Enquirer: 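Structure in structure tokens, see below.
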Protein chains: 2
Amino acid sequence: MAAKVTAVDKRRQILDAAIRVFARQGFHATRVSDIADEAGVAYGLVYHYFRSKDEVLNELFVERWSLLLSAIEETDRAGETPRQKLAAVAGFIVDSYRHDPELMKVIIVEVTRAANSFGQTHLEEIRRAYQSIAKIVADGQAAGEFRDDVSPMFASMTFYGGIEQLLSGWIFGVIPTSDIDFDEAKDLLVTMICDGLEPR
Amino acid sequence: MAAKVTAVDKRRQILDAAIRVFARQGFHATRVSDIADEAGVAYGLVYHYFRSKDEVLNELFVERWSLLLSAIEETDRAGETPRQKLAAVAGFIVDSYRHDPELMKVIIVEVTRAANSFGQTHLEEIRRAYQSIAKIVADGQAAGEFRDDVSPMFASMTFYGGIEQLLSGWIFGVIPTSDIDFDEAKDLLVTMICDGLEPR
DNA sequence: GGCCGTCGATTGACTGGTCAATCAGCCAGT
DNA sequence: ACTGGCTGATTGACCAGTCAATCGACGGCC
């Protein structure tokens, strides 16, 4: 039994090490041996648990992105006002960063914003997030709470783009992390976008 | 004389070929030989004109980004209303994409959004763009035309992030290019952000 | 005009180093 | 003694960057 636990732990250990190393050096500059070293594990063990270096990143992305997708859909189902829904989505993403900045950095930098190299594979899942957000906007328009002269998909992209840019700002130190508190930033973002969506 | 012209042409030829190949395959997946082949030029000639593969991308980025920086600052100096200024900035970026989508794809995907690997080098120049936009916002607030409970840098990042996300949507086919006309998209973007910035 | 020397542009075969992925076996636990 | 998690040296492919050799334009000199 102890063996089984160890085995599961080792896999997790490799994934967690990969997060740290990818965040520090970037995916391309990371050698598989770096991951193994960081995890305190033999080189070959990485290939025991994963088919390739790509699959490690894959796993990290899918693990986290599926959480985001269900969070968005759950939020939508919960049925508050459209504005509260968008606030909840922004909140979830910002909190994801607050909770695990390294993982979010890897996902944004290496997958979401690197659609050319790696993200191409995940374009479908990424698009699904945009579309779930677009649905919230569309419902808001149907209920007359948002102006309807803005395409929902368009508003969704702008909304998500704004959040991601904000995270990028924190990640790369363009925006000082201490200066604006996360919650405040989150509120401002939602306020700005939602006020821009208000009917006139 | 004909020789000199040829020499200059060859350098340009290599840069233009690099745009096409980088856009098609991504920077990392591009071999120097691919650039040479695409340019119809010998492998070694690339190294006659550029110190390294990185320098080719560098050159492409700096060439274009400096245009963006002067355009923003020029716009600011022209002194219309803040809203018109932001519209002009968004317009310039969207038009850059319309005029040369491949180059913009390379710059966004390989530099701007890849700050981890390559863009780290250019973070300063990228930040300068954010700050010029932030200045426009700050002036607008001082003039009472924008609400002042939003940090200018924050608004700037959201604004720019929205534009870039929009371009990314076009680049990767998430948003159909034919569906929403570029100008319309540009207007909607500015409208949304500026209305969100309106005093209340 | 014809010839030659110079020099920068151009060529592409080659090298050195890097690294992902493999694989033949080791050993701990049962 | 057997199973499967685990090891890490080895291999093979790939590619950025080098370099020695060739080309060809032009100016000077006879």
Side-chain angles (χ1 to χ4, degrees), chain A residues 1-61 106 110-111 114 116-118 120-121, chain B residues 1-61 106 110-111 114 116-118 120-121:
Chain A
M1 194 209 85
K4 189 69 181 297
V5 167
T6 301
V8 172
D9 282 354
K10 283 277 169 69
R11 198 189 129 92
R12 189 72 255 164
Q13 218 169 307
I14 291 170
L15 283 172
D16 289 343
I19 294 175
R20 272 173 268 132
V21 183
F22 287 160
R24 196 188 313 134
Q25 321 179 337
F27 179 77
H28 280 290
T30 298
R31 288 165 295 251
V32 173
S33 65
D34 292 336
I35 303 177
D37 289 351
E38 176 83 22
V41 133
Y43 184 91
L45 196 61
V46 176
Y47 285 92
H48 181 71
Y49 286 110
F50 303 94
R51 235 173 321 186
S52 66
K53 186 182 148 191
D54 280 14
E55 216 194 56
V56 177
L57 179 54
N58 248 337
E59 181 77 19
L60 290 175
F61 171 76
V106 170
E110 307 295 345
V111 186
N116 213 22
S117 37
F118 204 87
Q120 202 74 285
T121 331
Chain B
M1 193 206 84
K4 190 70 181 294
V5 166
T6 300
V8 172
D9 282 354
K10 282 280 167 69
R11 200 188 127 91
R12 191 70 255 164
Q13 217 169 306
I14 291 170
L15 283 172
D16 289 343
I19 294 174
R20 271 173 270 133
V21 183
F22 287 160
R24 196 187 314 134
Q25 320 179 337
F27 179 76
H28 280 291
T30 299
R31 288 166 295 253
V32 173
S33 65
D34 292 337
I35 303 178
D37 290 351
E38 177 82 22
V41 134
Y43 184 92
L45 196 60
V46 175
Y47 285 92
H48 181 72
Y49 287 110
F50 304 94
R51 235 173 322 186
S52 66
K53 186 182 147 190
D54 280 14
E55 217 194 55
V56 177
L57 178 54
N58 249 336
E59 181 76 20
L60 291 175
F61 171 76
V106 170
E110 307 296 345
V111 186
N116 212 23
S117 37
F118 204 88
Q120 203 74 284
T121 331

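Here the structure is a predicted model, which is why all the values come from computation and not from measurement. Atom set for the values below is all heavy atoms of this structure, side chains included, hydrogens, waters and symmetry mates excluded. In what follows, chains carry the letters A, B, and so on, assigned in the order in which the sequence lines appear, proteins first and then strands, with residues in each chain numbered from 1.
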Enquirer: How many Å lie between CD on A:Gln13 and P on D:dG5, as a whole number?
Expert: 16 Å

Enquirer: For a quick test of reading the model: is some side-chain N or O of A:His48 closer than 4.0 Å to OP1 or OP2 of D:dG5?
Expert: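 The answer is yes; a side-chain N or O of A:His48 sits under 4.0 Å from OP1 or OP2.
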
Enquirer: Which residue lies toward the 5' end of DNA chain C, A:Arg31 or A:Gly44, if each is placed at its nearest nucleotide?
Expert: A:Arg31

Enquirer: Can you see if the side chain of A:Tyr43 gets near the phosphate of C:dC19 - specifically, an N or O under 4.0 Å from OP1 or OP2?
Expert: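 For C:dC19, neither OP1 nor OP2 has a side-chain N or O of A:Tyr43 closer than 4.0 Å.
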
Enquirer: B:Lys10 side chain N/O closer than 4.0 Å to the phosphate oxygens (OP1, OP2) of C:dT10?
Expert: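 It does, given that an N or O in the side chain of B:Lys10 lies less than 4.0 Å from OP1 or OP2 of C:dT10.
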
Enquirer: A:Ile14 CD1 to D:dG5 C1': how many Å, rounded?
Expert: 11 Å

Enquirer: Hey, is B:Asp9 close enough to B:Arg12 for a salt bridge, meaning N to O under 4.0 Å?
Expert: no

Enquirer: Rounded to whole angstrom units, what separation is found between the CZ atom of B:Arg51 and the P atom of D:dT18?
Expert: 11 Å

Enquirer: Output the rounded distance in Å from CG (A:Leu45) to C1' (C:dA20).
Expert: 16 Å

Enquirer: Please report, rounded to the nearest Å, how far the C1' atom of D:dT18 is from the CZ atom of B:Phe50.
Expert: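 The distance from CZ of B:Phe50 to C1' of D:dT18 comes to 18 Å, rounded to the nearest Å.
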
Enquirer: Does OP1 or OP2 of C:dA21 have a side-chain N or O of A:Tyr47 closer than 4.0 Å?
Expert: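 It does, given that an N or O in the side chain of A:Tyr47 lies less than 4.0 Å from OP1 or OP2 of C:dA21.
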
Enquirer: What pair of heavy atoms forms the shortest contact from A:Asp34 to A:Ala29, and how long is it?
Expert: OD2-O, 4.1 Å

Enquirer: Search all heavy atoms of A:Lys53 against all heavy atoms of A:Thr30 and return the closest pair with its distance.
Expert: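 Nearest pair, atom of A:Lys53 first, then A:Thr30: NZ-O, 2.9 Å.
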
Enquirer: Between atom CZ in B:Phe27 and atom C1' in D:dA16, what is the gap in whole Å?
Expert: 11 Å

Enquirer: Check the distance between D:dC6's C1' and A:Asp9's CG and give it to me in whole angstrom.
Expert: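 A:Asp9 atom CG is separated from D:dC6 atom C1' by 15 Å.
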
Enquirer: How close or far is atom C1' of C:dG12 from atom CD1 of B:Ile35, stated in whole angstroms?
Expert: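 These atoms are roughly 16 Å apart.
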
Enquirer: How far does NE2 of A:His28 sit from CD of A:Glu110, to the nearest 0.5 angstrom?
Expert: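 So the NE2 of A:His28 and the CD of A:Glu110 are separated by 7.0 Å.
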
Enquirer: Nearest to the side chain of B:Ala42 - C:dT10, C:dT11, C:dA20?
Expert: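 Closest nucleotide among those given: C:dT11.
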
Enquirer: Can you tell me how far CZ of B:Arg11 sits from CD of B:Glu59, rounded to the nearest 0.5 angstrom?
Expert: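 Between B:Glu59 CD and B:Arg11 CZ, I get 4.5 Å after rounding to 0.5 Å.
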
